[in-house]
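Start at 1 and go down the list; that is how both ligands and their atoms are numbered.
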Amino acid sequence: MPPGPSAPQDEWAPPLGATLDRMGLAHVIAPDVAPERADYIVYAPDSGLQDFTPFTRARAVLSLWAGVEAIVANPTLTMPLARMVGGGLTEGMVEWVTGHVLRHHLGMDRHIVNPDNDWTLRPPPLAAERRVTVLGLGALGSAVAQALARIGFNVSGWSRRPKQMPGISCYSGDTGLAEALRDAEFVILLLPGTRATENTLNRDTLALLARGAFVLNPGRGPLIDDAALITALDEGQVAHATLDVFRREPLPQDHPFWGHPGVTVTPHVASHTRPHLGAEVIAENIRRSEAGAPLLHLVDRSAGY
Ligand SMILES: NC(=O)c1ccc[n+]([C@@H]2O[C@H](COP(=O)([O-])OP(=O)(O)OC[C@H]3O[C@@H](n4cnc5c(N)ncnc54)[C@H](OP(=O)(O)O)[C@@H]3O)[C@@H](O)[C@H]2O)c1
């Protein structure tokens with residue numbers, strides 16, 4: 001377990017050790033174990049670890065994060081790579097997206113900051129009258145789409161391969177993107193950061209949305225062409241963008257997103273792996289590996305996610 005800001009040894013070692021104990025798996029969890037003696041690498045992408053060559057006997061890299069763009073193309077990584085699915089990530093993302101969608105859907109800002117004590121009655125539409133599109137129908141996107149559909153929103157989704165999900169209009173592939181976005185009033189980006197997904201929201205695709213749409217990006221910064229988004233905001237094509245992820249993080253102080261009245265910046269807080277839950281996912285994969293069973297949540301390195 002290499003040290004890193006998001007995976008301090010004292011936060012992860014106790015729950016992981018307790019779970020491995022419960023599974024009857026003998027272990028030593030250490031940040032500074034000699035690389036050639038490590039059987040598994042529990043990996044945080046911000047740990048700084050880049051060279052996997054010295055880990056000659058490691059059987060797998062088990063990432064604590066869902067997004068793997070920092071490691072997926074690493075040529076020194078020759079062992080299987082599993083990413084985090086579960087561990088509290090899904091619940092956290094559903095809560096963040098639902099909260100920010102409802103903020104805009106209900107027009108909450110108008111009432112929270114109301115210096116003139118305005119009493120104009122402007123009831124919001126019902127959720128069923130709102131078209132919401134979720135780009136990415138994986139572990140997080142599918143849970144978000146289903147949660148919004150349960151509230152009553154009219155939900156569409158888009159994925160690389162065709163999918164069927166009860167209550168969701170599903171589109172896929174390059175041709176499906178325009179259909180998924182056309183007239184959408186909310187767009188939620190939950191795609192991985194890959195070469196194929198860069199600038200998915202650009203001048204042309206933003207123009208497909210309903211005028212005055214809301215954009216939520218808890219996926220990855222490069223999914224959006226920043227300049228095109230600012231133009232769309234300035235022209236009223238997009239009413240508001242709530243952004244959790246950016247091309248550079250922390251978002252530089254002089255970035256126009258900070259001061260733009262149509263942008264809410266949240267500092268990559270949409271969803272985090274919780275050690276007491278994530279430990280179960282990591283330990284289960286170690287148990288499987290030791291038993292010769294296939295690992296869960298393996299990354300498809302040719303697809304990049
Ligand atoms: N802000 C945060 O705090 C936070 C926290 C966790 C995760 N994230 C981000 O959320 C992303 C999604 O996580 P996840 O666990 O849901 O990932 P996932 O299970 O791998 O799902 C990814 C989805 O994107 C689709 N996709 C990938 N490439 C595509 C393409 N070229 N065209 C159309 N669809 C494409 C996939 O299609 P298929 O279904 O056909 O494969 C899949 O539906 C992560 O990669 C990470 O960047 C952010």
Side-chain angles (χ1 to χ4, degrees), residues 5-7 44-46 63-73 81-100 133-148 155-165 168-181 187-202 205 215-224 241-251 264-274 277-278 281 296-305:
S6 68
D46 58 355
S63 181
L64 299 174
W65 291 20
V68 291
E69 70 280 1
I71 186 179
V72 72
L81 168 64
R83 68 190 192 94
M84 182 56 66
V85 174
L89 281 174
T90 307
E91 296 88 331
M93 188 59 79
V94 166
E95 291 170 22
W96 186 92
V97 171
T98 306
H100 286 280
T133 293
V134 182
L135 300 182
L137 289 175
L140 302 179
S142 61
V144 160
Q146 283 162 336
L148 294 175
V155 182
S156 298
W158 182 63
S159 54
R160 186 166 61 95
R161 296 161 292 189
K163 265 203 171 64
Q164 288 195 330
M165 289 173 56
I168 314 291
S169 305
C170 293
Y171 301 92
S172 61
D174 293 343
T175 49
L177 180 61
E179 291 173 81
L181 289 179
V187 182
I188 297 137
L189 291 117
L190 277 167
L191 296 161
T194 68
R195 218 175 305 156
T197 60
E198 182 157 10
N199 293 330
T200 296
L201 275 196
N202 54 42
T205 50
V215 171
L216 276 70
N217 187 12
R220 281 293 180 264
L223 300 176
I224 299 182
T242 296
L243 309 174
D244 187 58
V245 286
F246 305 91
R247 284 167 191 269
R248 265 186 66 201
E249 295 181 11
L251 183 65
T264 297
V265 170
T266 64
H268 204 141
V269 294
S271 185
H272 277 260
T273 311
R274 314 297 157 130
L277 299 172
V281 181
L296 299 173
H297 320 310
L298 278 175
V299 171
D300 173 350
R301 296 188 64 190
S302 62
Y305 67 98

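For ligand 1, the polar-atom distance check against Ala139 finds a nitrogen or oxygen pair separated by under 3.5 Å.
The ligand atoms of ligand 1 that sit less than 4.0 angstrom from a heavy atom of Ala66 are 6 (C), 7 (C). Numbered from 1 in the order shown, with element, the atoms of ligand 1 that lie under 4.0 Å from a heavy atom of Gly136 read 23 (C), 24 (O), 43 (O). Per-residue contacts place Leu190 under 4.0 angstrom from the following atoms of ligand 1 (heavy atoms of the residue considered): 10 (O), 12 (C). Listed by number with element, the atoms of ligand 1 under 4.0 angstrom from any heavy atom of Arg220 are 8 (N), 9 (C), 46 (C), 47 (O), 48 (C).
Ligand 1 is never approached by Met84 to a heavy-atom distance shorter than 4.0 Å. Residue contact annotation: Val245 has a non-hydrogen atom under 4.0 Å from ligand 1. A heavy-atom separation below 4.0 Å is found between Arg83 and ligand 1.
With sequence neighbours excluded, no residue forms a salt bridge (Lys or Arg N to Asp or Glu O under 4.0 Å) with Glu249. Taking the salt bridge (Lys or Arg N to Asp or Glu O under 4.0 Å) definition, one finds that Arg220 meets it with Glu69, sequence neighbours left out.
Closest protein heavy atom to atom 5 (C) of ligand 1: Ser271 O, 3.5 Å. Nearest protein heavy-atom neighbour of atom 36 (C) of ligand 1: Tyr305 OH, 3.6 Å. Protein heavy atom nearest atom 13 (O) of ligand 1, with residue, atom name and distance: Leu140 CD1, 3.5 Å. The protein heavy atom nearest to atom 21 (O) of ligand 1 is Gly138 CA, 3.1 Å. In this structure, the protein non-hydrogen atom closest to atom 48 (C) of ligand 1 is Pro218 O, 3.0 Å. With respect to atom 32 (N) of ligand 1, the closest heavy atom belonging to the protein is Trp158 CH2, 3.3 Å. Protein heavy atom in closest approach to atom 31 (N) of ligand 1: Ala196 CB, 3.7 Å. Remark: minimum distance from atom 25 (C) of ligand 1 to any protein heavy atom is reached at Leu191 CD2, 3.9 Å.
When the heavy atoms of Lys163, Arg161, His268 are ranked by distance to atom 2 (C) of ligand 1, first place goes to His268. Selection from Ala180, Ser159, Pro192 by nearest heavy atom to atom 24 (O) of ligand 1 gives Pro192. Of the listed options Asp244, Asp300, Leu137, Val299, Asp244 places a heavy atom closest to atom 1 (N) of ligand 1.
The heavy-atom pair separating Thr175 from Glu179 by the smallest distance is O-OE2, 3.6 Å.
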Verify side chain to side chain contact (heavy atoms under 4.5 Å, CB included) between Met165 and Val155, making sure each step is shown before the conclusion. CA-CA 11 Å; Met165 289 173 56; Val155 182; over 6 Å; no
Leu191 vs Tyr305, side chain to side chain contact (heavy atoms under 4.5 Å, CB included): CA-CA, chis, key distance, verdict: CA-CA 9 Å; Leu191 296 161; Tyr305 67 98; over 6 Å; no
Step-by-step side chain to side chain contact (heavy atoms under 4.5 Å, CB included) determination, Trp158 to Leu181: CA-CA 9 Å; Trp158 182 63; Leu181 289 179; over 6 Å; no
Does the side chain to side chain contact (heavy atoms under 4.5 Å, CB included) test come out yes or no for Thr205 and Thr200, once each step is laid out? CA-CA 7 Å; Thr205 50; Thr200 296; 5.8 Å; no
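Looking at Thr197 against ligand 1, only its side chain comes within 4.0 Å, counting heavy atoms. Using a 4.0 Å cut-off between heavy atoms, Met93 contacts ligand 1 through its side chain alone, with no backbone atom that close.
In the displayed structure, Asp300 atom CG is contacted under 6.0 Å by more than 12 heavy atoms of other residues, nucleotides or ligands.
Remark: side-chain polar atoms of Thr273 are not paired, donor with acceptor, to backbone N or O of Gly87 under 3.5 angstrom. In terms of modelled atom types and a separation under 3.5 Å, the side chain of Thr197 and the main chain of Pro192 share a donor-acceptor contact. Under the 3.5 Å distance criterion, the side-chain polar atoms of Ser271 are matched with a main-chain donor or acceptor of Leu89. Side chain of Asp244 to main chain of Asn217: no donor-acceptor pair is present (N/O by atom type, distance under 3.5 Å, no hydrogens or angles).
Under the 4.5 Å side-chain criterion, counting only non-hydrogen atoms from C-beta, Pro45 is not in contact with Ile71.
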